[in-house]
Amino acid sequence: MNRVRLMAVVAVLALGGCSQGTPAAVPSAQPSASASPTAAPVRIALVRQLSSGDYFEQWLAGAQAQAKALNATLEVSSGDGNNDKQALNLEQAVTAKPDAIIVDHGFAQTVQPAIKKAVAAKVPLVAFDVDPGTPEAVAITQDDHQIAEQALGALKADTGGTGEVVYVYVAGFAPLDRRNETWTRFKQDNPGIKQVAQIGVVNSSTASAVADQAKAALQANPGVKAVFAPYDEFAKGAALAVKELGLAGKVKIYGADVSTADIGVITEPGSPWVATSATDPANVGRVAVRAAVLLASGQHTERTLAVPPTLITQKGLREAGIANIEQLTRVFPGLATPDVARVP
Ligand code: SR1
């Protein structure tokens with residue numbers, strides 16, 4: 001059965017042309033599932049912790065486009081930020097015995113018990129941005145240490161390595177925890193950088209909640225020069241706070257992630273958000289689906305897959321006249337990673 005599926009995947013690619021590196025923004029280049037009408041689609045359960053916000057929406061669009069191109073169906077569930085709900089969704093996905101499962105974010109302690117059951121039931125599993133707790137699963141990350149290093153490199157260059165900084169962080173999310181490790185090291189290596197406040201919340205309206213917190217932190221610490229906000233919802237919230245307080249000339253924001261909406265915020269006149277380190281989320285969604293299809297087809301892939309980020313600056317975006325994610329992916333072709341989980 002697996003062999004049949006792999007042949008079907010290969011047939012779809014051969015008929016439609018390889019679309020692994022095609023940005024999701026160009027869906028017309030994706031071969032359609034109808035290219036191989038007789039093959040049974042590969043059934044993938046996508047079990048998400050979060051689904052709202054630019055990052056997660058773009059990621060899903062990329063995953064869906066890649067699934068369509070590979071004759072796979074995606075059964076999507078979201079915990080909507082509720083870890084117990086995500087764990088239940090994952091239990092149900094294991095019981096439904098799909099050809100593969102993708103776990104997208106989640107807290108290790110809530111998802112690992114069900115991941116163990118998936119492994120025991122021989123359902124191949126791909127874990128994105130969550131520690132699966134087993135070498136049987138394929139783990140995908142965006143190289144979060146590099147994301148933090150790139151953003152902090154820009155912060156250091158602009159501040160000269162001195163000044164008061166507000167930090168935005170919520171513990172428990174694997175990517176944020178890894179970025180936090182880099183921030184901790186960065187502070188040790190740069191004693192002139194003083195963290196004067198730590199704020200952060202992740203919920204269905206993260207940006208506005210962070211904006212309120214950032215306003216209070218900036219009002220309490222008038223000497224702040226920079227905000228390190230390594231998640232685009234954090235950076236958008238911080239940007240709102242800086243603008244509303246009239247501090248745009250004084251406080252700069254160093255973030256993570258990118259979307260068309262983010263590019264709009266970064267490039268608007270007087271924006272304090274000056275740099276972001278990012279992957280193309282749609283590309284990461286495509287990588288996850290390719291890895292799941294490979295495993296479902298009995299193929300091997302590396303146990304850990306890293307999608308490298310790119311540093312995107314306000315200056316660079318403005319100079320290149322980039323207004324949206326499609327233009328960005330054309331200017332930075334490295335944002336597409338067809339060799340990560342390449343389908344033969
Ligand atoms: C709440 S975790 C948010 C992060 O997940 C993804 O890794 C994105 O990069 C985002 O920053």
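Heavy atoms only: backbone and side chains are in, while hydrogens, waters and symmetry mates are out. Counting from 1, the numbers follow the sequence of the chain as shown. Both ligands and their constituent atoms are indexed starting at 1 by order of listing.
- Under the side chain to side chain donor-acceptor pair (under 3.5 Å) criterion, the residue pairs touching residues 193-204 are Trp183-Gln195, Lys187-Gln195, with sequence neighbours excluded.
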Please tabulate, one line per pair, the protein nitrogen or oxygen atoms found under 3.5 angstrom from a nitrogen or oxygen of ligand 1, with distances to 0.1 Å, or say none if there are no such pairs.
unit_1   : atom_1 : unit_2 : atom_2 : d
ligand 1 : 5 (O)  : His105 : NE2    : 2.7
ligand 1 : 7 (O)  : Asp129 : OD2    : 2.4
ligand 1 : 7 (O)  : Gln142 : NE2    : 2.9
ligand 1 : 7 (O)  : Arg179 : NH2    : 3.3
ligand 1 : 9 (O)  : Gln142 : NE2    : 2.9
ligand 1 : 9 (O)  : Arg179 : NH2    : 2.9
ligand 1 : 9 (O)  : Asp257 : OD1    : 2.6
ligand 1 : 11 (O) : Arg179 : NH1    : 2.8
ligand 1 : 11 (O) : Asp257 : OD1    : 3.4
ligand 1 : 11 (O) : Asp257 : OD2    : 2.6

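- Under the 4.5 Å side-chain criterion, counting only non-hydrogen atoms from C-beta, Thr310 is not in contact with Asp280.
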Return all side-chain donor-acceptor pairs below 3.5 angstrom for residues 111-118, not counting sequence neighbours, or 'none' if the list is empty.
unit_1 : atom_1 : unit_2 : atom_2 : d
Gln112 : NE2    : Asp131 : O      : 2.8
Lys117 : NZ     : Glu91  : OE1    : 2.9
Lys117 : NZ     : Glu91  : OE2    : 3.2

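- Sequence neighbours left out, the pairs with a member in residues 210-224 that pass side chain to side chain donor-acceptor pair (under 3.5 Å) are Lys215-Glu244.
- Tyr254 and Trp273 have their aromatic ring centers separated by at least 6.0 angstrom.
- Look at Asp262 and Lys236 and you find a salt bridge, because one of the NZ, NE, NH1 or NH2 atoms lies within 4.0 Å of a carboxylate O, short of that distance.
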